[in-house]
Every structure is written in C-alpha cells, then in structure tokens.
Amino acid sequence: MAEDKRPAQGNSSGDFDISELDDVEYLGKWYESVSKTNTRDAGTIGILGGRSVDAGPYRITRAKKEARLREILKIASHYDVLHGLTPVTLRKLLEELGPTFVKAGQILSMRSEILPQSFCDELTKLRTDVEPMDREEVLSTLRAEYDTPIEELFDAIDDVPLGSASVAQVHKARLVTGETVAVKVQRPHVKEIMAQDISIMRSLAKRSAIVMGDEQVLDLQSVVDELWQSFREETDFLVEARSLEEFRRNNAECKFIDCPKPYPRLCTEHVVVMDYVEGIPIDRTERLKAEGYDLSEIGAKLVDNYTSQMLDDGFFHADPHPGNLVIKDGKIVYLDLGIMGRLSSHDRAAMTDMVNAVALRDSVGLKNGLLRFSVSDTSDVDHPGLLADLDSILDNYGEADLSDLDIGAFLNSLISMARKNGIELPGTVTMLARSLVTLEGVVDEFLPGTSMIDIVRAHVKSHADPVDVSKRELKRLARESIAATHGLLGAASQVSTAMNMLTRGQLRMNLGLDGYQDPIGDMARAADRLTLGIIIAGLFIGSSVVYYARIKPVVFGIPVIGFFGYVLALALGLWIVHQVVKENRHRR
C-alpha cells in the first residue's frame, strides 16, 4: 500500500467538456423540432429550457444540456437507431451512452412487458465496471470532503482500486489508528451528469407519450421515475452508511450473516469508510468446497436469511449478485449496501399471503395479494378476467414441481399481467422481483433440485409464533368486519336513495353486458336493421304486385315503378350485408 504524502493535483474546475457534432443530418430536424417545441414544466427539467425544483442542486444549465443532447444524438446516429436495434446493439448503445443509461438498461432488463424477452436477457449483461479514476483524482475528491487533512485520517491508500463502477470506486486503505478499511469514493460530477441525463430522458418520455399515445411509452415514464429514485439514493453515501448500521442491527442475532462496519465520523455524502472484508467470493464454489464449506448449507441459509430480510425486517438487500457476497469465517457477508429496499408491515403481510398462494396454486389468494399491493384504484378491475389470467399463469408454471419453478419468468409474467389488468405495483415490488431473480441465479449451484419457494414457505411456518398468528388473524378479522359493516351501511344507504328516486320517477339504469361496449347502441342498430329489412321486404312485394298488374310504361318488361322498387330493395339489401360483414371483421 502506497503512502499518501503527495499534494492534490486533480482537476476541480467542474467543466463538462463534450466535443461538438460533425454530422447528424438525419437527426438534425428532430433536434430542431424539439428545440422549438420545448415548454416549461414545473415538474420536469426541459430538454433545452425550463428547470424544475430538482435542477438547482445539480447545477444543470441549458448549455450543458444542449451539449449532452448533441452527444446523445451523435452516439444514437452511430448506431442508426432510426432503422432498428438488435439486443446486442442496444446493450452496446447504452454502455456507450454512460452510467445513467446503463442503470436504465438494468431496470429495463426486468421489464419484459416493455421489451421482448431476448432484449431483457441481453441487457442483463450490461457491464458495471468502468475506467477507474486516477490516484490524484481520488485524493482530490477526498481532500474536498474533509476539513481535516487526509494525511491525519489515512495512513495509506492503495493505488489500485478494489473495484470501479459507474458511480464510485473502492480503495483499500489504512487509518492512522491502524484499522484496515475500504473507502468508497464517488466520481466527481456524477450527480450532475446523471441528473442531466435523467431530466432529458424524462422530457423525451413525456413528449413521446404525447405524440405516440402508446401504453409502453407510459411504462417508460415509470422506468425513468424508478431510475430517478434509485439515482437519489445511490448518490447519497450517507444513506448507505445508515443502511450498514441498520442491517447490522437487524442481523445482530444471526450468527451466519454480517456486513462491514461503517465509520460514521468519516462518512460523507460522497465518501463511505467501512471495514475491509477479505473473504471467498460466493461464486468460487470449488474454493469453498476446498475450505470445507457445505454448499447446500450456504444456499439454504442465504435464502432463509433473505426471507427474513423481506418478511420479518422489511429491509432487504436489493442487489444480491455474487460480487456483493463473500464467505468469511463461516459467515455470509454482504459487501455493498448502496441499493436497499423496504416493505411496510402491510406489504409484508401481502407478500406472505402471495408466497403461500403460489405454493398452493391458489389463484384467488394470489389475486387478493396483488390487489393489496396495488397503488392505483382497483375498483374497475375485471375480477373474472384477472382470475382467468392468474389461472393461466399458475397452469403454465404449475406443470413442473416447485423445485423447477423459474422464478424470474414467473415474476415477469405476474408483473406484466398485473399491468395489463390495470394494477399498478409499487417500485419496491419490481425491485424485490429483480432481487429474487438475482438471488435465484446465485443459489442455483448451491441448491440443485430445491425450490426457493419451499424454503421461503418453510421460513414463514417456522417463524410463525401461535400468539403472533392469532394477533394477526384477530387484526385481520377486525379490519374485515369493519369493512363489511361499512359496506352494509353503505349498501343500505344506496338502497334507500334508489327507492326514493324510484318513487319520484328519477331512477335511471346503466346496462352493461360482457363483450359489448355499448349494449343500448347495439340494440338500436339491430332495430334499425330490422326496420330496413321490413322496408326491403315491402319494396320487393310491392314491386312484384306492380309487375303482375302490367302498369305502363315498362323497362326490361317491368313497370318503371316496380323496376325502381327492385333496384332500391337490392341496394339496401347489399348495404346491410356489407355492414354486417364489416362489423364482424372489426369484432374479430
């Protein structure tokens, strides 16, 4: 480890230098139209104009946004986005666009209702390692964070980083008090760059929704919102420091789970200092076996503890990939707590019910759990259609044993089906879904032939204290009784109102039939056709009477009046047939 005795030489100007475009003719007109149609919006940062209240702290200026937008357009033109993208070129495009778009791609990789599954699979390969900052830039960043000279805080800092990601990089260091620590340093100006990119993406999503009116574009707005929330949490390292402390408290009594201890007095908004943990990466299975570890025991304990994080603590690690998990001294250690999720007691109860429903193949229980999770109004949900969709999902994934259940595909189908039925799930649920898919990939090699659902359900049963269960059931019974009482009183009030309106002749009825958007209109059209049919029959019969009466003058041997009667009857008949065929095609 090299001694830190050199003066800082980092560039602290804060300038965001981007080269000018050479040639983007086929995107130029679009760019100019966006410039002209830009409007000020109190809720967003306009592409080239208005700023929201969030723009101030990140020093976003019009000039920087224009330069960044030109750079985005240049990269997009290089990949010829207007003529379509393959999964591979989309991944490369996002990687070249920078950390914000990489994060967006990682979120999109779990949104199969927006992108085809082949694109989602490719986006899971998005790299998180980037070119590391040089030593002087790291030292300059540290000096800017502390009032005390860093030579009085750190005895030594490694030149080579332990890891380098899009938001920060980590160095091994030694404090002047002798402890070996890991120092996580945020990249300079990453907040400004990511906030700027997100503001552009948000504005583009809004304008695309207005122009295209496509539900998938509206879903892209939810992706941008989720990205914004993730960005705000990931770039405030004080949140991670508090998460480390909370996670340690929650797992204090668990002998096989741990995480690094933070040093609060050295943690700032852009720096986290924590214990350095050197263990065996969890994906090095051969090394774990050589050290005498039981892989199935590691897998079972990992899933059981993760279940405890979800359902007992309501505070779970949202990115449990192999790079964040090591084994040291018989403990599973979580290294990076930059992304954490929370579930309220209400959400945890709903999640428990859904786990049991999946295990029992109970579509009604699964439906009730989904409706409890929904953050949107579910009064207009088509319950028979929702149950049919859930039955289909459980049938598709229920042919195999639970040990063969593909949790990733199952959760993707469940989330897509919920959105299709107008059930808007909170961002925490999609975050949890991604986490479970990641965890499933980790434990696949540890627990062959074992179902994560089985372990979760066993955890629920073993941790269900009879007294607590009784309390929960009593609370649920009380809630349902209150809801039922209110429902009965409301129904009685509505019946009274309806009877009052009936006696006054003010009662109106709205008729709704399954499969018919406008039943009254359909009945009116049927009556019109019946009337036309009677008229056609009358014209045909009347023309035939005139024909046999031999009234002159005649055309083609037919009296003129009868001839025009036949022609009109034929025209009306053909028109009715055309309308019937047209409506049948439209309905199909």
Quick check against the 3.5 Å criterion: does H171 have a side-chain atom that pairs as donor or acceptor with the backbone of D158?
yes
Between the main-chain N or O of A165 and the side-chain N or O of R187, is there a donor-acceptor pair closer than 3.5 Å?
yes
Could you go through the side chain to side chain contact (heavy atoms under 4.5 Å, CB included) check for D258 and V277 one step at a time?
CA-CA 10 Å; D258 202 0; V277 179; over 6 Å; no
A side-chain contact here means heavy atoms from C-beta on lying under 4.5 Å apart; do E246 and D313 qualify?
no
With the side chain counted from C-beta on, respond yes when R372 and M354 share a heavy-atom pair under 4.5 Å apart, and no when they do not.
no
For F315 versus F247, what's the shortest heavy-atom pair and its separation?
CE2-N, 4.1 Å
Using a 3.5 Å distance criterion without hydrogens, assess whether the side chain of H317 forms a donor-acceptor pair with backbone atoms of D336.
yes
When rounded to the nearest 0.5 angstrom, what is the spacing between CG in L97 and CG in L93?
4.5 Å
Close side-chain approach of K367 and L371, heavy atoms under 4.5 Å
yes
Apply side chain to side chain contact (heavy atoms under 4.5 Å, CB included) to residues V443 and Y306 and explain how you reach the verdict.
CA-CA 12 Å; V443 301; Y306 201 80; over 6 Å; no
Does the pair L386 and I423 meet the rule for a side chain to side chain contact (heavy atoms under 4.5 Å, CB included), with working shown?
CA-CA 10 Å; L386 177 59; I423 301 173; 3.8 Å; yes
Treating T141 as the side-chain partner and E137 as the backbone partner, does any N or O pair qualify as donor plus acceptor under 3.5 Å?
yes
What one should report as the nearest heavy-atom pair of K328 and E278 is CD-O, 3.8 Å
Between N421 (side chain) and M417 (backbone), is there a donor-acceptor pair under 3.5 Å?
yes
Nearest-0.5 Å distance that lies between atom CG in L295 and atom CG in L302
12.0 Å
Quick test of your reading of the model: are E71 and K74 salt-bridged, counting only N-O distances below 4.0 Å?
no
When rounded to the nearest 0.5 angstrom, what is the spacing between CG in L439 and CZ in F316?
11.5 Å
Do E96 and K92 sit within salt-bridge range, that is, some charged N less than 4.0 Å from a carboxylate O?
no
Working for side chain to side chain contact (heavy atoms under 4.5 Å, CB included), residues I332 and N305
CA-CA 10 Å; I332 303 170; N305 174 260; over 6 Å; no
Tell me the closest heavy-atom pair linking S164 and Q169, and the distance in Å.
OG-OE1, 3.4 Å
How close do C259 and L337 get, counting heavy atoms only, and between which atoms?
CB-CD1, 4.3 Å
Return the CZ to CD1 distance between F101 and I200, rounded to the nearest 0.5 Å.
7.0 Å
Atom CD1 in I282, atom CZ in R287: separation rounded to 0.5 Å?
13.5 Å
Exam field: side chain D159 to backbone R135, donor-acceptor pair closer than 3.5 Å
no
Tell me the closest heavy-atom pair linking M274 and L335, and the distance in Å.
SD-O, 4.1 Å
Roughly how far apart are L390 CG and L414 CG, rounded to 0.5 Å?
6.5 Å
Does atom CZ of R284 have more than 12 heavy-atom neighbours from other groups under 6.0 Å away?
no
Would you mind reporting whether K184 and E240 have side-chain heavy atoms less than 4.5 Å apart?
yes
When you compare the side chain of P320 with that of S435, does any pair of heavy atoms fall below 4.5 Å?
yes
With the side chain counted from C-beta on, respond yes when P161 and M133 share a heavy-atom pair under 4.5 Å apart, and no when they do not.
no
Non-hydrogen atoms of M431 and M340 that approach each other most closely:
SD-O, 3.8 Å
Criterion side chain to side chain donor-acceptor pair (under 3.5 Å) on N368 and D353, from CA distance to verdict:
CA-CA 9 Å; N368 293 336; D353 291 344; over 6 Å; no
